[in-house]
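As the structure is a prediction and not an experimental result, all values here were calculated from the model.
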Amino acid sequence: MRHGRYPLIVSFLLPPLVLYGVFVLSPYLQAFQISTTDWLGYSAQADPVGMANFRTLLHDGYVWNALKNNAILLALVPVLTIALGLFFATMLTMGGRKGRAGVSGVRGTSVYRLVYFFPQVLSVVIIALLWKEIYHRTAACSTARCGRWACPPRPGWATPGSPSGACWR
């Protein structure tokens, strides 16, 4: 049974690795290849300039300033957000008054949690309602906004959610 183990592992690992190579590594290599040319994106002509673009970047003060700012943000933001999150989580669950079972949370902990999580839940509901109105057959937002240019609903035709539901006028 041991001889069939490695082909099985390879058969499960090969497709994700191929997809990673095609969709992640290939664009990086293409971007590096484009960065060694003088192509501005306007024409099909791109003359190779080698590493001249990178030498220009090394002597640019704005690039070093941007790298410094990114390094500061990379070091400080995760540390501060994790520290603040742990502090507030600890204070809501353990800090506060003494209860019958030892230390309990701050008075109104459930209100704080509701205020914190409510925007996350509410945004999903609002987006769902907006899409419901956009896809409505007769009183869609697009019909009200566009007036006479909007696509009137026609029986037997595609719904506005499908790609073929574009305006046919």
Side-chain angles (χ1 to χ4, degrees), residues 1-58 60 63-95 101-105 109-110 112-137 140-142 156-167:
M1 194 63 139
R2 189 158 168 85
H3 64 279
R5 188 168 140 192
Y6 293 112
L8 181 69
I9 292 173
V10 169
S11 68
F12 278 106
L13 283 179
L14 195 60
L17 288 175
V18 168
L19 289 173
Y20 182 78
V22 169
F23 292 111
V24 176
L25 297 179
S26 172
Y28 280 127
L29 294 174
Q30 291 172 358
F32 179 76
Q33 187 268 331
I34 291 171
S35 69
T36 60
T37 65
D38 64 352
W39 186 54
L40 297 176
Y42 301 126
S43 66
Q45 181 182 358
D47 298 323
V49 293
M51 302 301 275
N53 292 334
F54 293 103
R55 281 191 289 275
T56 304
L57 284 177
L58 285 176
D60 192 359
V63 172
W64 290 107
N65 188 27
L67 288 174
K68 180 187 75 161
N69 292 339
N70 280 316
I72 291 171
L73 287 174
L74 184 67
L76 290 182
V77 169
V79 171
L80 290 177
T81 55
I82 290 172
L84 280 173
L86 287 174
F87 172 74
F88 286 128
T90 304
M91 293 310 296
L92 284 177
T93 55
M94 292 191 324
V103 178
S104 64
T109 300
S110 58
Y112 292 128
R113 288 181 182 151
L114 178 75
V115 167
Y116 181 75
F117 287 113
F118 192 66
Q120 295 176 5
V121 174
L122 188 64
S123 65
V124 173
V125 172
I126 289 173
I127 290 171
L129 288 174
L130 285 174
W131 280 108
K132 180 185 143 212
E133 290 301 317
I134 288 171
Y135 283 141
H136 196 274
R137 290 284 291 173
C141 291
S142 61
W157 285 63
T159 61
S162 67
S164 60
C167 289

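- Taking the side chain to side chain contact (heavy atoms under 4.5 Å, CB included) definition, one finds that F87 meets it with M91, sequence neighbours left out.
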- Residues Y112, F117; criterion side chain to side chain contact (heavy atoms under 4.5 Å, CB included); working and verdict: CA-CA 9 Å; Y112 292 128; F117 287 113; over 6 Å; no
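- For the atom pair CG of N65 and CG of D60, the computed distance is 10.0 Å after rounding to the nearest 0.5 Å.
- Put simply, the side chain of S26 never gets that close to the backbone of F23: no donor and acceptor are under 3.5 Å apart.
- Residue-environment remark: CD (Q45) stays at or below the threshold of 12 foreign heavy atoms within 6.0 Å.
- Considering V77, V79, L84 in turn, V77 is the only one that fulfils the side chain to side chain contact (heavy atoms under 4.5 Å, CB included) rule with T81.
- To the nearest 0.5 Å, the span separating CE on M51 from OG on S35 amounts to 7.5 Å.
- In terms of modelled atom types and a separation under 3.5 Å, the side chain of D47 and the main chain of D38 share no donor-acceptor contact.
- W64 has its side chain within reach of L58: a pair of non-hydrogen atoms, C-beta onward, lies under 4.5 Å apart.
- To the nearest 0.5 Å, the span separating CZ on F32 from CZ on F54 amounts to 5.0 Å.
- Although no hydrogens or angles enter the test, the distance criterion places a donor-acceptor pair under 3.5 Å between the side chain of N53 and the main chain of T37.
- Note that the CD1 atom of I34 and the CG atom of L29 stand 11.5 Å from one another [nearest 0.5 Å].
- To the nearest 0.5 Å, atoms CG (L25) and CG (L17) are separated by 9.5 Å.
- Annotation: the span from L14 atom CG to L19 atom CG amounts to 9.5 Å, rounded to 0.5 Å.
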